[in-house]
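Working notes for the structure below.
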Protein chains: 2
Amino acid sequence: MANIKDVAERAGVSVATVSRVLNGHSPVAETRDRVLAAVHELGYRPNNVARALRTARTGALGLIISDLTNPFFTELADAVEDAARSLGYSLVIGNAGERPEQQDDYIRTLLDRRIDGLLVSSAGTGSAMLREVVASGTPLVLLDRSVPGVDAPCVRADGRAALTELAGHLAALGRRRPAIIVAPAGTPTGDERLALFRTALARHDIPLPDERVGATPDLQPTGGRQVMRGFLDLPEPPDAVLATDNLMALGALDELRARGLRVPDDMALVVYDDVPWFAHTDPPLTAIAQPTRELGRAAVRTLLARIEGSPAESVLLPARLVPRRSCGEPAGG
Amino acid sequence: MANIKDVAERAGVSVATVSRVLNGHSPVAETRDRVLAAVHELGYRPNNVARALRTARTGALGLIISDLTNPFFTELADAVEDAARSLGYSLVIGNAGERPEQQDDYIRTLLDRRIDGLLVSSAGTGSAMLREVVASGTPLVLLDRSVPGVDAPCVRADGRAALTELAGHLAALGRRRPAIIVAPAGTPTGDERLALFRTALARHDIPLPDERVGATPDLQPTGGRQVMRGFLDLPEPPDAVLATDNLMALGALDELRARGLRVPDDMALVVYDDVPWFAHTDPPLTAIAQPTRELGRAAVRTLLARIEGSPAESVLLPARLVPRRSCGEPAGG
DNA sequence: CATCCTCGTGAAAACGATTACACCGACGAT
DNA sequence: ATCGTCGGTGTAATCGTTTTCACGAGGATG
């Protein structure tokens with residue numbers, strides 16, 4: 001593969017001149033044309049590795065995603081990739097598979113590759129490596145999940161308004177015994193959603209007792225199904241369930257179907273994360289939609305700001321309620 | 001950030017020695033310990049960019065995926081990522097979004113980054129850039145979609161056995177008027193699935209007339225829905241539909257539901273690609289399952305073989321039929 | 001005792017770009 | 001005519017590694 005020296009020779013100039021022409025530094029008509037002609041004839045493409053070594057900028061961003069096969073994160077990754085590309089950056093993706101040690105492994109690798117910045121939607125709360133990243137000076141932005149003790153801006157959705165609206169929605173439809181399926185206790189996201197939902201319900205004098213709070217071991221369908229089973233076996237089962245992750249909702253739906261229960265007649269069901277699928281289920285599920293693509297874009301923007309040294313701040317975008325038919329017929333039909 | 005020179009000074013040796021210790025080239029107990037101690041104390045990590053420049057190996061693979069948000073490709077990407085990581089490679093992902101020009105753009109970028117090898121599940125048939133990749137000497141492996149005129153091994157699933165079995169399955173259940181929803185004509189994958197299905201049906205004396213072959217403009221739910229609408233408006237609608245991509249099946253299901261038709265009573269439905277969702281639909285859909293994760297692994301293995309200079313060949317893994325309830329009750333219940 | 005390897009080590013040349021610095025010619029001003 | 005300036009260019013240093021080559025010490029061998 002041709003290198004800059006070959007181009008220089010062919011154009012009869014020095015490598016410095018070639019470099020300058022290519023970077024638009026000192027454009028002079030005549031020499032410029034000769035250089036560009038040589039570039040064209042040789043099919044020369046600058047070696048990004050060498051450039052990165054010299055300039056200390058790789059033009060690559062890292063993205064650690066907690067579970068790529070979870071549709072919410074897929075969309076998030078897609079949005080990040082799109083934003084990165086349109087701003088001239090490549091994206092190195094690492095899938096943590098919800099395993100903290102694999103996440104740490106990956107972060108190490110990415111740092112060794114000298115990526116220009118790192119986006120992390122952290123699996124677990126393991127923050128030792130993340131603190132190391134901050135210490136190393138590599139720009140870091142947290143995505144979707146905040147991590148206590150790590151000094152980095154976090155881009156995520158704020159469920160307060162949506163959950164408040166949901167509480168009203170459920171109350172208006174006469175649901176008095178709501179339940180919630182959450183991620184394992186200690187997960188900031190799960191804890192927060194639970195707290196917000198509870199206070200929102202309280203405003204309508206609807207309690208959310210602990211027996212109707214079900215924690216799953218993981219964010220998978222089986223976990224959701226298990227919790228739903230527990231709910232249905234209660235002496236007084238709930239009449240509405242909020243699953244705080246889309247995969248868990250899927251499992252919950254399975255259990256309802258297996259028992260021949262109907263949504264919304266026998267049980268209202270609401271899903272956190274409005275992945276396209278839930279518009280195609282029967283019935284379509286009422287959902288709390290996070291502005292996924294905007295989150296991705298905002299995260300990249302924030303990261304670039306940090307890379308350029310601006311004092312970047314956390315971003316909180318509002319989630320919103322998307323009422324469908326799974327809680328009962330809304331007023332409008 | 002500490003570099004190899006700092007380590008050398010601290011350990012009282014030359015940089016060459018440090019390098020050798022770190023790469024396990026000439027291990028000598030005493031010097032070795034001093035070096036490792038220095039490495040540890042300084043928290044030294046080798047700069048991969050410099051290493052890549054010198055060795056002409058980046059340790060990164062590129063993956064161009066035609067549509068990351070399509071669950072089949074998500075799983076494929078996930079499998080590839082997993083395989084790459086476990087073999088010590090990082091993965092730079094590019095999402096072509098089914099746009100050939102964006103794909104070309106990305107391939108260019110990846111070549112500039114001097115990735116060690118490239119995996120492409122090509123959007124469209126634009127092969128000019130792919131031929132350039134081959135010419136440049138960068139190891140290339142095609143994934144899921146073969147591209148005529150490009151001399152590179154292709155890793156994909158073979159639907160012959162599954163489609164043959166499906167034809168028998170449908171025949172046994174008394175379906176006489178099958179239909180198929182395919183990608184736009186000219187797409188190798190779509191054409192092939194159509195041809196295989198047709199000959200498989202022929203063996204049971206079941207014809208597949210052109211009026212029951214519906215092409216969609218894209219691989220999206222709306223396209224599937226549109227085609228299904230056309231089928232249902234035929235004077236003699238089909239009694240079974242095979243959607244050759246999971247997203248199209250989703251749209252087809254929507255149209256059935258909108259018309260109040262029931263699966264499998266009024267219409268049998270089969271989906272190509274057994275993404276987890278279809279086990280959770282009502283009823284669970286009979287599917288043709290491609291060995292997605294194996295495909296990903298095989299693709300990475302094949303690519304590595306090419307990187308190491310072995311004469312790597314195409315891989316064809318059999319897809320299989322997963323009968324569920326969407327074509328009628330199978331014998332076993 | 002001389003010679004030949006072997007082994008560990010260091011000095012220095014790559015890898016392919018960017019960029020600080022020096023230089024040189026032309027041109028405008030004095 | 002002389003000097004200063006300025007724009008364009010080339011030379012060479014630099015980024016952080018790996019690796020070739022040469023060297024010197026030491027052990028084995030004759």
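Every chain is numbered from 1 and lettered A, B, ... according to where its sequence line falls, protein lines coming before strand lines.
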**Item:** Within residues 82-98 of chain A or reaching into it, pairs that qualify as salt bridge (charged side-chain N to carboxylate O under 4.0 Å, His left out) - sequence neighbours excluded
**Value:** A/D82-A/R85, A/E98-A/R145
**Prompt:** Hey, what bend do you get for the helix from C/dC1-D/dG30 to C/dT30-D/dA1 if you fit axes on five pairs at each end, rounded to 10°?
**Reply:** 50°
Could you list, one pair per line, each protein nitrogen or oxygen that sits under 3.5 Å from a nitrogen or oxygen of nucleotides 22-26 of chain D, together with the distance?
none

**Message:** Using a 4.0 Å heavy-atom cut-off to protein, can you give one letter per nucleotide of nucleotides 11-20 of chain C, 5' to 3': B if the base is in contact, S if only the sugar-phosphate is, - if neither?
**Reply:** B-BBBBBBBB
**Request:** Return the set of residues passing side-chain contact (heavy atoms from CB on, under 4.5 Å) with A/A79 (not counting sequence neighbours), or none when no residue passes.
**Result:** A/R293
**Item:** Non-hydrogen atoms of A/Y44 and A/A2 that approach each other most closely
**Value:** CD1-O, 3.3 Å
**Item:** For A/P139, side-chain contact (heavy atoms from CB on, under 4.5 Å) partners two or more places apart
**Value:** A/L303, A/R306, A/I307
**Complete:** Atom CD of B/E9 and atom P of C/dG10 are separated, to the nearest Å, by 13 Å
**Item:** Any residue meeting side-chain hydrogen bond (donor to acceptor under 3.5 Å, both in side chains) with A/T138, in chain and number order, not counting sequence neighbours
**Value:** A/S136
Acceptor/donor pairs from residues 53-64 of chain B side chains to any protein atom, 3.5 angstrom cut, sequence neighbours excluded:
residue	atom	partner	partner atom	Å
B/T55	OG1	B/R51	O	2.8
B/T55	OG1	B/R57	N	3.4
B/R57	NH2	B/Y89	OH	2.6
B/T58	OG1	B/A60	N	3.4
B/T58	OG1	B/R114	O	3.0
B/T58	OG1	B/D116	OD1	3.2

Compile the donor-acceptor pairs under 3.5 Å between side chains in residues 294-301 of chain B and protein atoms, sequence neighbours left out, one pair per line.
residue	atom	partner	partner atom	Å
B/E294	OE2	B/R297	NH2	3.4

**Prompt:** Excluding sequence neighbours, so at least two apart, what forms side-chain hydrogen bond (donor to acceptor under 3.5 Å, both in side chains) with B/E75?
**Reply:** none
**Message:** Can you list everything that forms a side-chain contact (heavy atoms from CB on, under 4.5 Å) with A/N3? Sequence neighbours excluded, please.
**Reply:** A/K5, A/D6
**Sequence neighbours excluded, every pair satisfying salt bridge (charged side-chain N to carboxylate O under 4.0 Å, His left out) that has a member inside residues 61-74 of chain A** = none
